2 protein chains.
Amino acid sequence: MPRIRHTTLTCSPGCTVEATLELFGGKWKALILYHLFEDGVLRFSEFRRRMPNVTQRMLTNQLRELEADGLISRTVFPEVPPRVEYELTDLGKTLKPVIHALKEWGDKYAHSLKQKKE
Amino acid sequence: MPRIRHTTLTCSPGCTVEATLELFGGKWKALILYHLFEDGVLRFSEFRRRMPNVTQRMLTNQLRELEADGLISRTVFPEVPPRVEYELTDLGKTLKPVIHALKEWGDKYAHSLKQKKE
DNA sequence: CTGTATCCCCCTCGATACTG
DNA sequence: CAGTATCGAGGGGGATACAG
């Protein structure tokens with residue numbers, strides 16, 4: 001329950017760039033959002049399949065933060081076994097151009113990054 | 001001189017989203033790029049004025065990483081006092097849509113984020 | 001299936017002082 | 001002016017075990 005927002009607020013005006021970026025601060029958030037844009041609705045286990053390198057802990061953590069930021073919604077179905085579905089909120093959906101821009105760029109230029117093996 | 005790239009490579013394909021995001025991993029990189037898009041060419045001290053909350057150390061660090069990634073260029077003028085100018089490379093300029101998307105979203109929706117004062 | 005709870009390493013980043 | 005050097009804290013995030 002830390003959930004400490006960086007309280008960056010680094011730059012006075014016009015620096016909403018940063019505010020936006022804080023949303024993706026978490027290491028996996030962009031990926032989560034990306035998959036939600038792709039698939040619409042996803043269960044916890046489906047995330048795990050799509051992002052095998054993310055630990056449970058981190059996945060839960062990042063999902064919770066995205067939820068706290070009002071970008072995704074979490075619906076629990078009282079069944080056995082339990083089922084939980086995540087989807088984008090209306091606010092979350094407005095991020096589409098951002099995620100899209102990220103993906104577009106990556107598709108075109110990611111390969112041209114200088115490889116720096118430590 | 002660690003310059004350790006996270007070697008994330010988390011997700012097999014289609015996850016260039018993440019690759020792109022790694023470029024902005026640094027806390028201030030997006031802001032640096034943003035200012036370069038605004039102003040074209042900037043000196044070290046000009047960055048400092050535009051980003052008063054960034055320490056020298058961090059500014060230097062982030063500039064170096066952006067340079068190492070081939071996104072900005074660094075030109076030293078052998079004068080006294082020294083002058084160093086930074087500007088976007090051709091590759092760096094291709095990030096315009098991304099930075100623009102980040103800023104657009106921030107301008108529209110940053111205020112609607114849930115305020116979480118820890 | 002969908003998570004919590006711990007433990008703990010290690011990297012990130014701030015503060016401060018020094019340099020060519 | 002434009003940086004380096006060093007120190008040190010803090011928290012992000014991995015591994016693992018446990019729970020409803």
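In this text, all values refer to a predicted model and were calculated from it rather than measured experimentally. In what follows, chains are A, B, ... by sequence order, proteins preceding strands, each numbered from 1.
Residues forming a ring-ring contact (aromatic ring centres under 6.0 Å, His included) with A:Phe44 (at least two apart in sequence, or on another chain): none. Under the side chain to side chain donor-acceptor pair (under 3.5 Å) criterion, A:Thr94 pairs with B:Trp105, not counting sequence neighbours.
With a 4.5 Å cut-off on side-chain heavy atoms, A:Met51 and A:Ile32 count as touching.
When the C1' atom of D:dA15 is taken as reference, atom NZ of A:Lys27 falls 14 Å away, rounded to whole Å. The NZ atom of B:Lys29 sits 12 Å away from the C1' atom of C:dT12 (whole-angstrom rounding). Distance A:Leu31 CG to D:dG13 P: 13 Å, rounded to the nearest Å. Residue A:Met58 contributes atom CE, which lies 19 Å from atom P of C:dT2 at whole-angstrom precision. Distance, B:Trp28 CH2 to C:dT12 P: 15 Å, rounded to whole Å. If you measure from atom CD of A:Gln62 to atom P of C:dT2, you get 18 Å, rounded to the nearest angstrom. A:Asn61 has its CG atom 19 Å from the P atom of D:dT16, to the nearest Å.
At least one donor-acceptor pair closer than 3.5 Å links the side chain of B:Thr20 to the backbone N or O of A:Leu102.
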Original post:
Between A:Glu18 and B:Trp28, is a side chain to side chain contact (heavy atoms under 4.5 Å, CB included) present by the stated rule, with each step listed?
Top reply: CA-CA 8 Å; A:Glu18 256 232 301; B:Trp28 314 102; 4.1 Å; yes
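Residue pairs satisfying the salt bridge (charged side-chain N to carboxylate O under 4.0 Å, His left out) criterion with at least one member in residues 31-48 of chain B, sequence neighbours excluded, are listed as follows: B:Asp39-B:Arg50.
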Can you tabulate the close N/O pairs, meaning under 3.5 Å, that link protein atoms to atoms of nucleotides 1-4 of chain D?
from, atom 1, to, atom 2, distance (Å)
D:dC1, O3', B:Arg43, NH2, 3.2
D:dC1, O3', B:Pro82, O, 3.3
D:dA2, OP1, B:Arg43, NE, 3.0
D:dA2, OP1, B:Arg43, NH2, 2.9
D:dA2, OP2, B:Ser45, N, 2.8
D:dA2, OP2, B:Ser45, OG, 2.8
D:dG3, OP1, B:Arg64, NH2, 3.3
D:dG3, OP1, B:Arg74, NE, 3.3
D:dG3, OP1, B:Arg74, NH2, 2.5
D:dG3, OP2, B:Tyr86, OH, 2.7
D:dG3, O3', B:Arg64, NH2, 3.2
D:dG3, N7, B:Gln56, OE1, 2.8
D:dG3, N7, B:Gln56, NE2, 3.3
D:dG3, O6, B:Gln56, OE1, 2.9
D:dT4, OP1, B:Arg64, NH2, 2.9
D:dT4, O4, B:Gln56, OE1, 3.4

Acceptor/donor pairs from residues 71-82 of chain B side chains to any protein atom, 3.5 angstrom cut, sequence neighbours excluded:
from, atom 1, to, atom 2, distance (Å)
B:Ser73, OG, B:Glu87, O, 3.4
B:Arg74, NE, B:Tyr86, OH, 3.3
B:Glu79, OE1, B:Arg83, NE, 3.4
B:Glu79, OE2, B:Arg83, NH2, 2.9

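Across its full length, the helix from C:dC1-D:dG20 to C:dG20-D:dC1 shows an angle of 50° between the axes of its 5 terminal pairs at either end, rounded to 10 degrees.
Closest approach of A:Leu23 and A:Lys29 over heavy atoms only: O-CD, 2.9 Å.
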